[in-house]
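The structure appears right after this line, and notes come after that.
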Amino acid sequence: MDNDSLTQRDKRVLWHPCTQMHDYETLPLIPIRRGQGVWLEDFNGKRYLDAISSWWVNLFGHANPRINAAIADQLQNLEHVILAGFTHEPVIDLSEKLINIAPPGLAHCFYASDGSAALEIALKMSFHYWRNHGEVKRTRFINLANSYHGETLGALSVGDVPLYKETYQALLLETITVKSPDCYQREAGESCADYSARTFAHMEAALTKHAGEVCAVVIEPLVQCAGQMRMYDPIYLKLLRQACDRHRVHLIADEIAVGFGRTGTMFACEQAGITPDFLCLAKGLTGGYLPLSVCMTTEKVYQAFYAEYAARKAFLHSHSYTGNPLACRAALATLDIFHTDDVINRNRTLSAQLAQATARFSDHPHVAEVRQTGMIVAIELVKDKKNRTAYPWQERRGLTACRHALEQGVILRPLRDVIYFMPPYVIKPEEIDGLAQVAWQGIDRACG
Ligand SMILES: *Cc1c(COP(=O)(O)O)cnc(C)c1O
């Protein structure tokens, strides 16, 4: 078996995610045979550094021996059981541990399989909370411009990336969309904190105008990942928590991409010292092994649903694989690695190395900005550096840079003209340097 024969079979029967399938007439589709640490290997024996953690899910490398062992052990006992009316040790252990490490005040865990589903749960729970309290006029959500929360209809509704959303607009909930605190848009000489704080006026105005009809504000704390890795200051989250309390509106924090150490702390909300009413987690939760997501919430929300059955207050939402034991064991092994290997502290060195390796990129004539939050570095390519004029999207410059990287054995995936590194936490310093080298060449080729 080689790359070509598998590619041909694939194209006859598959339809790939987030892909114009026609692209595969000119772009290579790469069948992967095995993974080890930060490396993936294709069927021709070529190796690739997984610099995007396989779509932001992998934390401790492919084929991690400790996560492998946990799943194998669980397989001997119980692969799955219905979670309504039944329970099991892995899901109880995991819930206790998550409640221990999450911002204080989150007290109950509701599981699903994908990030989008966790968002749907948060949206429905928030709406249903107000309804159970007789506040039936609250039917709307406030979101940020350029936000991303997933692809199912509810999650897509509270997102704001036109590329994914525009087509389906007629099917979606109508949200109240507020200017993003995105520091890329700050004035020359203005600090990121000042800009984010100043932008909050738009949120305050929306809350003042709409509070009585709003269930919740939905945000991605600190980094709008799918929205081209745009970043903002924790001050915004502090102001938002205070305003949500003042206006009696829920705060939903979507840490699906930024949770589990990506921003330098276990959860991004920690950097603002806040607790959201709902915390959505997925992606890194299982270390990148199995689909598992969770929507965590407070005792107060939980109690709004707790009543005699006849009161008809229950949250009758479910997914077939809710709390799957194998996925829970992968998550437990992942949390165990965080604990025993002091990962958050050790990542400080890695993120300093990422900063060092990418420092020179800001001098590149077609790089408008290099930005970093913890273990995420983003490099924004522009046609004109002075005015930050973007390249026409049809030119797909970011893609050209990433194609070069792929030839050189590095997996990058552009967000339009933003190249980013979001590597597993087991990447080595020399691998970071190699990665930066290849990205530099790719950018030169794309912008030359
Ligand atoms: C990926 C992502 C989602 C959706 O998660 P899926 O598992 O792909 O459904 C939601 N929110 C954010 C911030 C994400 O990055």
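One-based numbering, in listed order, for ligands and for the atoms of each. Values in this document were obtained by computation on a predicted structure and should not be read as measured data.
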Residue contacts for ligand 1, heavy atom to ligand atom, distance under 4.0 Å: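 Within 4.0 Å of ligand 1, the protein residues are Trp56, Asp114, Gly115, Ser116, Tyr148, His149, Gly150, Glu220, Asp254, Ile256, Ala257, Lys283.
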Taking every non-hydrogen atom, the tightest pair across Gln271 and Thr263: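 Scanning both residues, the minimum pair turns out to be NE2-O, 3.0 Å.
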Specify the closest pair of heavy atoms between Phe260 and Gly284, including all atoms of both residues, with the distance to one decimal.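 Minimum heavy-atom contact is CD1-C, 4.1 Å.
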Inspect the contact between Arg246 and Glu204 and indicate whether a charged nitrogen and a carboxylate oxygen are less than 4.0 angstrom apart.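 The answer is yes: the pair qualifies as a salt bridge.
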Charged N to carboxylate O under 4.0 angstrom, Arg371 versus Glu380?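 Yes, Arg371 and Glu380 are salt-bridged.
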Check salt bridge (Lys or Arg N to Asp or Glu O under 4.0 Å) between Glu299 and all other residues, then give those that pass, not counting sequence neighbours.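 Glu299 satisfies salt bridge (Lys or Arg N to Asp or Glu O under 4.0 Å) with no residue once adjacent residues are dropped.
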Is it the case that over 12 heavy atoms from other parts of the model lie below 6.0 angstrom from the CD atom of Gln20?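 Count over threshold, so yes.
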